[in-house]
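Scroll down for the structure; my scribbles are underneath it.
Treat the numbers as computed from the prediction; the structure is a model and nothing was measured.
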Amino acid sequence: CETCSEEEAKYRCPRCMKYSCSLLCVKKHKLALSCNGVRDKTAFVSVNEFTDLNLLSDYRFLEDVGRTADAAARHPTMHSPTTKKLLCCLRNKARKCNIDLRTLPVGFTKRRENSTTFNCMENKFYWHLKLVFPHCRAEYTLKGVPDDKTLADILKPYIDPVESDPVVCQRLKIYTASPQSDVQILMKIENRKQNSIRYNELDASRSLLDNLKGKVIIEYPTLFVVLKTLKNDMVILGQ
């Protein structure tokens, strides 16, 4: 025993690896070394000493971290009445702009992602926006997009041959190589049957706010940028 040095050791502390002979010595060593007796799951293990048990321990540790993070995100204290009040205020402001903004329950991905805010001083929405380019299988997320910005200006950094980022331009070259008149901006119509999906065509020359008026938005707008010359299965309402 490394505490009393008298009796034969029977126990080994998972934390500091000290040998003890009895419960009394275990308590003494914990008090003397401020040891909690809990194995350190993040302790360094050299490659030579790394075994399948260490691998299993690391795997379970990562699973525990994932569960703890998910539980924390769902905990009621993370969604205080203040947050609910802000969401209610956001929906009311959208309603005054003739936009039916709807929010999802806690735990949904879109609820967690959404960063849309309303600036009372400027009386303006700053939208969380997702752009989808189906022909290139590319998606981009924008944050803090002012509602008075036109859709054409929003798309410039992506499909404009001159002003777009070179890396993005290369990925979306099928769009940048096409005339701007061929570009269509669509938004899915919510609350329709699964076998009756339709899209609204938006006006690129008008502001984001004007295009969203009279529409149902779940959390944040998702815009689909397509080309008229390429065949796609997106049916526009009225066709």
Side-chain angles (χ1 to χ4, degrees), residues 1-91 101-119 126-133 136-145 165 167-168 171 190 194 217-222:
C1 176
E2 295 183 49
T3 303
C4 66
S5 303
E6 295 177 359
E7 301 292 334
E8 182 182 355
K10 298 179 182 179
Y11 313 107
R12 190 179 187 184
C13 178
R15 181 77 178 188
C16 61
M17 300 301 175
K18 296 285 186 182
Y19 287 98
S20 302
C21 64
S22 62
L23 180 60
L24 181 61
C25 285
V26 169
K27 290 182 177 179
K28 283 182 179 179
H29 110 266
K30 285 183 178 181
L31 187 62
L33 301 177
S34 299
C35 176
N36 58 11
V38 179
R39 183 176 67 86
D40 185 6
K41 297 178 182 179
T42 62
F44 173 76
V45 179
S46 65
V47 176
N48 297 332
E49 298 174 351
F50 200 84
T51 64
D52 290 342
L53 287 176
N54 296 117
L55 179 63
L56 183 61
S57 174
D58 287 352
Y59 182 76
R60 287 175 175 170
F61 174 69
L62 292 174
E63 283 188 323
D64 289 341
V65 171
R67 281 194 293 268
T68 304
D70 185 62
R74 296 170 183 267
H75 198 274
T77 57
M78 294 294 292
H79 309 282
S80 60
T82 306
T83 305
K84 293 180 181 178
K85 185 177 179 181
L86 290 174
L87 286 177
C88 185
C89 179
L90 202 65
R91 289 193 294 264
L101 177 63
R102 302 182 186 182
T103 53
L104 295 169
V106 173
F108 279 74
T109 303
K110 290 188 76 172
R111 172 86 292 273
R112 188 167 58 250
E113 290 176 344
N114 194 5
S115 61
T116 301
T117 58
F118 184 82
N119 190 315
Y126 285 89
W127 288 97
H128 182 105
L129 188 65
K130 181 177 284 188
L131 299 178
V132 181
F133 298 86
C136 296
R137 296 182 180 178
E139 291 185 5
Y140 298 95
T141 299
L142 289 72
K143 295 183 179 181
V145 181
D165 181 88
V167 177
V168 176
R171 188 179 183 187
E190 304 293 350
Q194 191 63 30
I217 307 295
I218 297 180
E219 289 293 347
Y220 56 81
T222 299

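The CG atom of Leu142 lies 14.0 Å from the CH2 atom of Trp127; values are rounded to the nearest 0.5 Å. Distance check, rounded to the nearest 0.5 Å: NZ of Lys41 to CG of Asp58 gives 10.5 Å. With values rounded to the nearest 0.5 angstrom, Leu24 atom CG is found 11.5 Å from Glu7 atom CD. Taken from CG in Asn114 to OG1 in Thr103, the straight-line distance is 9.0 Å, to the nearest 0.5 Å. Here the NZ-OG distance, from Lys10 to Ser20, works out to 12.0 Å after rounding to the nearest 0.5 Å. For the atom pair Leu87 CG and Arg102 CZ, the distance stands at 15.5 Å (nearest 0.5 Å).
Of all the heavy atoms in Cys1 and Cys25, the pair that sits closest is SG-SG, 3.8 Å. Here the closest non-hydrogen pair linking Cys21 and Cys4 is SG-SG, 3.7 Å. Nearest heavy-atom pair across Arg137 and Arg171 is O-NH2, 3.3 Å. Closest non-hydrogen pair, Leu90 versus Thr117, comes out as CD1-C, 4.0 Å.
Shown here is Glu63, whose CD atom has more than 12 heavy atoms of other residues, nucleotides or ligands within 6.0 Å. In Asp40, the CG atom is crowded: over 12 heavy atoms of neighbouring residues, nucleotides or ligands sit closer than 6.0 Å. By the neighbour-count criterion of 12 heavy atoms within 6.0 Å, atom OH of Tyr19 is sparsely surrounded, having that number or fewer from other residues, nucleotides or ligands. Counting non-hydrogen atoms of other residues, nucleotides and ligands closer than 6.0 Å to NZ of Lys143 gives a total of 12 or fewer.
Under the 4.5 Å side-chain criterion, counting only non-hydrogen atoms from C-beta, Ile218 is not in contact with Phe108. Side-chain contact check for Asn36 versus Arg15: some heavy-atom pair is nearer than 4.5 Å.
A donor-acceptor pair shorter than 3.5 Å cannot be found between the side chains of Asn54 and Ser57. Looking at Asn48 and Ser46, their side chains never bring a donor and an acceptor atom within 3.5 Å of each other.
Checked against side chain to side chain donor-acceptor pair (under 3.5 Å), His29 has no partners two or more places apart in sequence or in another chain. Tyr126 meets the ring pair (Phe, Tyr, Trp, His ring centres under 6.0 Å) test with no other residue; sequence neighbours excluded.
Distance alone, capped at 3.5 Å, places no donor-acceptor pair between the Lys28 side chain and the Thr3 backbone. Side-chain atoms of Glu219 come within 3.5 Å of backbone atoms of Leu104 as a donor-acceptor pair (strictly under, hydrogens ignored).
A tilted orientation is assigned to the rings of Tyr220 and His128, their planes being inclined by 30° to 60°.
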Would Asp64 and Arg67 count as a salt bridge (charged side-chain N to carboxylate O under 4.0 Å, His left out) here? Give the steps. CA-CA 5 Å; Asp64 289 341; Arg67 281 194 293 268; 2.4 Å; yes
